[in-house]
There are 2 protein chains.
Amino acid sequence: MTPLYQQIKNHIREHIGAGTWGPGQRVPSENELVRTLGASRMTVNRALREMTDEGILHRVAGVGTFVADRTAYAHPLEVRNIAEEIRARGHQHSAQVVTLETMRAGGELAGNFGVPPKTNLFHSLILHSENGVPLQIEDRYVNPAVAPDYMSIDFAKTTPYEYLVRVAPLQEAEHVLRAVMPGDSVRKLLGMAEGEPALLLLRRTWSNGVVTSTVRLYYPGSRYELAGRFNP
Amino acid sequence: MTPLYQQIKNHIREHIGAGTWGPGQRVPSENELVRTLGASRMTVNRALREMTDEGILHRVAGVGTFVADRTAYAHPLEVRNIAEEIRARGHQHSAQVVTLETMRAGGELAGNFGVPPKTNLFHSLILHSENGVPLQIEDRYVNPAVAPDYMSIDFAKTTPYEYLVRVAPLQEAEHVLRAVMPGDSVRKLLGMAEGEPALLLLRRTWSNGVVTSTVRLYYPGSRYELAGRFNP
DNA sequence: AAGTGGTCTAGACCACTGC
DNA sequence: CAGTGGTCTAGACCACTTT
């Protein structure tokens, strides 16, 4: 049985996802939700408070609760799944597989993986969108020794992340973050204007001491930001 | 007046900080805290639940609440000192104070700090260089209530970071990372070419539940990257 | 059986905003 | 003024673990 406050959170997420309650718009007040949902105010309050902490809602005492404008929002210290992130905002995730191939590693790539040059690697390039708007390019190389079935997965339904954490428990990760001017192909895929910068996140993950995957994630600078709150 | 659940969180943090309750050790149960602190169980529960969400505590129903083992919290967005970072590379750090002033908070700034509009704030803009090459612009606002001596510090010798951690122990931090096109003044100070993107890191830090400082850090995209390795 | 955390309710008082 | 969110209380029932 899912807790009531979780059901309320899901209920609100669905409304946001369906567009009934759009960004900047007002969400029913606590008392209204108490009446319509039949829960107590403390329970409604918890649901709304948690969604505010998650950055999905925005509250002003004395005024009301609103859907946050900030659409793209992620926690940089976690290795997150883009699909989950989008669904948590109540939006629709879709993925378009641009490239899926087996190739031989060049010198630099082989060095990153710690395998001999000319070893076979899997390569995928996937465009992830939120409500149909491109949000991330995932340019990934995968170690076949760790994930032999990689080429037979339908990445329109399952993200590489979801598949990889299943076959290779995440053990260690390395991140590099840069601001770059995207190349033409990246720019066009993401639907970015010329002269608009991109956020580039390089990530390398290990499982059992072996490099599982390296990935280059491109985000449009105007539509995405990495954010997080933590205790040092 | 700080909310009771915040006071309880601070109380627990102090015990953890002082080493009374070390990693892996058991924290008093909800009922015990209700008795010793005189708060209701819901309030104690909220404090413990939030600290669990923050990764500070670890709870097991039917067993107890424990201080989390923290080894997994090094990540690319640590709050670090630019001067230390440069010195760690064996290079020379220098700082040039561009602006140092007292000003009145506008609406948005006041909102970020959680103070009434027109409250006095300190403002500093400092250019940090590595071996004479500009690397970071630090555009910072500081809460005078927390750091009253801020205006009398020589920031060519001591970084604001070093001063602030001394007067206000860092408790919580919020980060936002963006790729942006810098404005002309930022671009010129950093000696960047036109059309070159910048990495913008916004940070807000808390001490004892009060916002100590907000800062906008600009880095030239071509000369800087954020990197880190951690175990999830 | 006793203790733990997980959840939920039905009240309450407060400071604040809008009219 | 009525409405909003922010907080707090004193109960309650539950599933679970430990003794």
Side-chain angles (χ1 to χ4, degrees), chain A residues 1-12 15-16 21 24-69 229, chain B residues 1-12 16 21 24-68 105 107-108 110-119 172 206 208-211:
Chain A
M1 188 54 185
T2 21
L4 187 48
Y5 74 90
Q6 273 293 353
Q7 295 180 38
I8 295 175
K9 288 173 71 172
N10 288 335
H11 175 259
I12 295 170
H15 269 91
I16 296 175
W21 304 335
Q25 281 180 32
R26 197 167 167 285
V27 159
S29 76
E30 295 191 351
N31 283 320
E32 284 172 312
L33 289 171
V34 164
R35 283 195 297 274
T36 59
L37 302 180
S40 81
R41 202 191 139 202
M42 276 298 281
T43 305
V44 170
N45 177 272
R46 175 168 175 184
L48 294 177
R49 182 159 37 78
E50 289 192 0
M51 294 184 76
T52 304
D53 291 341
E54 292 162 14
I56 298 169
L57 297 179
H58 175 250
R59 318 195 77 186
V60 182
V63 183
T65 302
F66 307 86
V67 179
D69 305 314
R229 188 166 168 157
Chain B
M1 186 56 185
T2 20
L4 187 48
Y5 73 91
Q6 272 293 352
Q7 295 179 36
I8 296 175
K9 289 173 72 172
N10 287 336
H11 175 258
I12 296 170
I16 295 176
W21 304 335
Q25 283 180 29
R26 197 167 167 286
V27 159
S29 75
E30 295 191 352
N31 283 320
E32 283 173 310
L33 288 171
V34 163
R35 283 196 296 275
T36 59
L37 303 180
S40 81
R41 204 191 136 203
M42 276 299 282
T43 304
V44 170
N45 177 273
R46 175 167 175 185
L48 295 177
R49 181 158 39 78
E50 289 192 359
M51 293 184 77
T52 304
D53 291 342
E54 291 162 13
I56 298 171
L57 298 179
H58 175 252
R59 317 194 78 186
V60 183
V63 183
T65 302
F66 307 86
V67 178
E108 191 184 338
N112 285 340
F113 272 90
V115 299
K118 298 189 182 171
T119 303
E172 194 168 4
W206 281 260
N208 299 321
V210 176
V211 175

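In what follows, every chain begins at residue 1, and chains take the letters A, B, ... in the order their sequences are listed.
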**Message:** When you measure from the side-chain N and O atoms of B/Tyr5 to the phosphate of D/dT7, is any distance below 4.0 Å, counting only OP1 and OP2?
**Reply:** yes
**Asked** OP1, OP2 of C/dG11 versus side-chain N and O of A/Ser40: anything below 4.0 Å?
**Response**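 Looking at the OP1 and OP2 atoms of C/dG11, neither is under 4.0 Å from any side-chain N or O of A/Ser40.
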**Check ion pair B/Glu30-B/Arg59 (N to O, under 4.0 angstrom)** = yes
Between [X] ([atom1]) and [N] ([atom2]), how many Å, whole number?
X       : N      : atom1 : atom2 : value
A/Asn31 : C/dA10 : CG    : C1'   : 13 Å
A/Asn45 : C/dA12 : CG    : P     : 18 Å
B/Met51 : C/dG5  : CE    : P     : 14 Å
A/Arg49 : D/dG5  : CZ    : C1'   : 11 Å
B/Arg41 : D/dG11 : CZ    : P     : 14 Å
A/Phe66 : D/dG3  : CZ    : C1'   : 12 Å
A/Glu32 : D/dG3  : CD    : C1'   : 10 Å
B/Arg59 : C/dG3  : CZ    : P     : 17 Å

**Prompt:** Can you list the residues that meet the ring-ring contact (aromatic ring centres under 6.0 Å, His included) rule with B/His11, with sequence neighbours excluded?
**Reply:**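 For B/His11 the ring-ring contact (aromatic ring centres under 6.0 Å, His included) partners, ignoring immediate neighbours, are B/His15.
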**Item:** Stem list, DNA chain D (Watson-Crick or G-U pairing under 3.5 Å, at least 3 consecutive pairs)
**Value:**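 So far as stems of 3 or more pairs are concerned, DNA chain D shows C:1-16 with D:3-18.
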**Message:** Please determine whether any donor N or O and acceptor N or O are separated by less than 3.5 Å between the side chain of A/Arg46 and the base of C/dG6.
**Reply:** no
**Complete:** Which of C/dG5, C/dC8, D/dT4 is nearest the side chain of A/Ser29? It is D/dT4
**Request:** Would you kindly compare A/Thr43 and B/Val27 by the position of their nearest DNA chain C nucleotide and give the one closer to the 5′ end?
**Result:**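 Upstream on the strand: B/Val27.
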**Prompt:** Mapping A/Pro3 and B/Ala61 onto DNA chain C by nearest heavy atom, which one lands closer to the 5' end?
**Reply:**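 On the 5' side of the pair lies B/Ala61.
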**Asked** Starting at the 5' end of DNA chain D and moving along, which residue's nearest nucleotide shows up first, A/Met42 or A/Thr65?
**Response**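 Here A/Thr65 is the residue nearer the 5' end.
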